[in-house]
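Input: a single structure, listed below in structure tokens.
Every chain is numbered from 1 and lettered A, B, ... according to where its sequence line falls, protein lines coming before strand lines. Atom set for the values below is all heavy atoms of this structure, side chains included, hydrogens, waters and symmetry mates excluded.
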Number of protein chains: 2
Amino acid sequence: MVSGLVATIDHRSGNKERLLLWIRLLRASRMIESELRERLKRDFNSTLPRFDVMAALFRAPEGMLMSDLSRFLLVSNGNVTGIVDRLVSDGFVSRARRDGDRRTSIVTLTEQGREEFQRMARVHEDWIGDLLGDVDEADAKRLSTMLKSFRSNWEGET
Amino acid sequence: MVSGLVATIDHRSGNKERLLLWIRLLRASRMIESELRERLKRDFNSTLPRFDVMAALFRAPEGMLMSDLSRFLLVSNGNVTGIVDRLVSDGFVSRARRDGDRRTSIVTLTEQGREEFQRMARVHEDWIGDLLGDVDEADAKRLSTMLKSFRSNWEGET
DNA sequence: GCGAAATATTTCAACCTTGAAATTTCATGC
DNA sequence: GCATGAAATTTCAAGGTTGAAATATTTCGC
């Protein structure tokens, strides 16, 4: 639950549309997240954060540092620690000490992790297609572009 | 952290744009949320969920049932219980038994709660204006409309 | 009236999340 | 070499979140 699900007080003029946009943006992503969470649990006994970590690692066969994961996924360090811990104990992920710098550890998907992720990823894409099915491709592209641009102005990333 | 922050496998053609849209939607709302969370903590020692509950109650001077709050804010019952508990112990919210149905309790903002919320709401709107400042009003309106429509097709609500 | 189903809420375990403090290791200046 | 600060990670407390089970109350059929 997140700030802005509710329209509030409207004491300045120009921000009305932006406030409404924020509310809708939020409600939309909350509903999609909620649906994805439910399906991941039902079909794979997993969660969204686990899926995200596995997706990041899938794209990086050489592995990632904990801090890479944290930065890439936009979450805190401590958060990543817990999620990776659980993935390790399930056998989907492994931590390896690096020689050269003993502070860091390289995190990679295990073979089992790669297989499981691919099973999930196939279905996941269909789910998104399903849930966003009413947005036609042109709209998706425009919306996408807007979101990309407005974001990058106060945070320098893609 | 949420499913889709990472582009995954692209085995079907049509969903490519939608998947990208979803990723950007998510990253955008995550960044805004994160910024709002930080500011609410810093300036009001509060949180987003607390703000949302107070906003909902502000619009309903006659009060709301726990289940109304839950439905309106799109979160679970048990979740609302905890947040309201903490707001009550801070003196911002009160629970009142209803005669007629002893299962339910009416939740309202206290006077102190109303004042505190209004303080927050004023600044909150400016923050949104700030964070979404790069979206001009016309774009905001279009984006808003898209978000509204694509959502309502698999969930019946505004 | 009474028992069964329905409704409103709370409780609970498990997980997610943050931000700050603690830990371990490395790099740098001297 | 060695102290000092920087960097990577973990730990921890507090709060948020869900879904399922437990409680309490009402409603309804009979």
Hey, does the Lys NZ or Arg CZ of R39(A) hover above the aromatic six-ring of F51(A), less than 6.0 Å from the centre and inside 45° of the axis?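 Relative to the ring axis of F51(A), which defines the angle, R39(A) lies outside at least one limit.
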
Excluding sequence neighbours, so at least two apart, what forms side-chain hydrogen bond (donor to acceptor under 3.5 Å, both in side chains) with K41(A)?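 K41(A) satisfies side-chain hydrogen bond (donor to acceptor under 3.5 Å, both in side chains) with N45(A) only.
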
Hey, can you pull the residues of residues 90-97 of chain A with a non-hydrogen atom under 4.0 angstrom from DNA chain C?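 Those residues: none at all.
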
R103(A) or G82(A): which one's nearest nucleotide on DNA chain C is closer to the 5' end? G82(A)

Starting at [atom1] of [X] and ending at [atom2] of [N], how long is that distance when rounded to a whole Å?
{"X": "L65(A)", "N": "dT10(D)", "atom1": "CG", "atom2": "P", "value": "11 Å"}
{"X": "L48(A)", "N": "dG19(D)", "atom1": "CG", "atom2": "P", "value": "11 Å"}
{"X": "R98(B)", "N": "dA8(C)", "atom1": "CZ", "atom2": "C1'", "value": "10 Å"}
{"X": "K41(B)", "N": "dG15(D)", "atom1": "NZ", "atom2": "P", "value": "8 Å"}
{"X": "M64(B)", "N": "dA8(C)", "atom1": "CE", "atom2": "P", "value": "13 Å"}
{"X": "N45(A)", "N": "dA20(D)", "atom1": "CG", "atom2": "P", "value": "12 Å"}
{"X": "L69(B)", "N": "dT10(C)", "atom1": "CG", "atom2": "C1'", "value": "15 Å"}
{"X": "L36(A)", "N": "dT18(D)", "atom1": "CG", "atom2": "C1'", "value": "15 Å"}

Donor-acceptor contact present, side-chain [X] to main-chain [Y], <3.5 Å:
{"X": "S29(A)", "Y": "L25(A)", "result": "yes"}
{"X": "D130(B)", "Y": "W127(B)", "result": "no"}
{"X": "R18(A)", "Y": "L132(B)", "result": "yes"}
{"X": "R97(B)", "Y": "T104(B)", "result": "yes"}
{"X": "D90(A)", "Y": "F92(A)", "result": "no"}
{"X": "T110(B)", "Y": "G91(B)", "result": "yes"}

Electrostatic pair K141(B)-E137(B), nearest N-O below 4.0 angstrom: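 No, K141(B) and E137(B) are not salt-bridged.
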
Is E116(B) salt-bridged to R119(B), cutoff N-O under 4.0 Å?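 A salt bridge is present here (some side-chain N lies under 4.0 Å from a carboxylate O).
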
Taking all heavy atoms of S70(A) and all of V80(A), pick out the closest pair and write down the distance.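 For S70(A) and V80(A), the tightest heavy-atom pair comes out as CA-CG2, 3.7 Å.
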
Nucleotide nearest [X] (side chain, heavy atoms from C-beta), chosen from [options]:
{"X": "R30(B)", "options": "dT17(D), dT26(D), dT18(C)", "result": "dT18(C)"}
{"X": "M66(B)", "options": "dT9(C), dT18(C), dA8(D)", "result": "dT9(C)"}
{"X": "R50(B)", "options": "dT9(C), dA8(D), dG16(D)", "result": "dG16(D)"}
{"X": "I83(B)", "options": "dC15(C), dA6(C), dT17(D)", "result": "dT17(D)"}
{"X": "T81(B)", "options": "dT26(D), dT9(D), dT11(C)", "result": "dT11(C)"}

Could you tell me whether [X] contacts a base, only the sugar-phosphate backbone, or nothing, with contacts defined as non-hydrogen atoms closer than 4.0 Å?
{"X": "S76(B)", "answer": "base"}
{"X": "T47(A)", "answer": "sugar-phosphate"}
{"X": "D101(B)", "answer": "sugar-phosphate"}

Angle, rounded to 10°, between the helical axes spanning five pairs at each terminus of the helix from dG1(C)-dC30(D) to dC30(C)-dG1(D)? 10°

Would you say [X] places a side-chain N or O within less than 4.0 Å of OP1 or OP2 belonging to [N]?
{"X": "R102(B)", "N": "dA24(D)", "value": "no"}
{"X": "S67(A)", "N": "dT9(D)", "value": "yes"}
{"X": "N79(A)", "N": "dT18(C)", "value": "yes"}

By nearest nucleotide on DNA chain D, pick out whichever of I106(A) and E38(A) is the more 5' one.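 Upstream on the strand: I106(A).
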
Between R86(B) and D68(A), which residue's closest nucleotide on DNA chain D lies nearer the 5′ terminus?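 Nearest nucleotide further toward 5': that of D68(A).
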
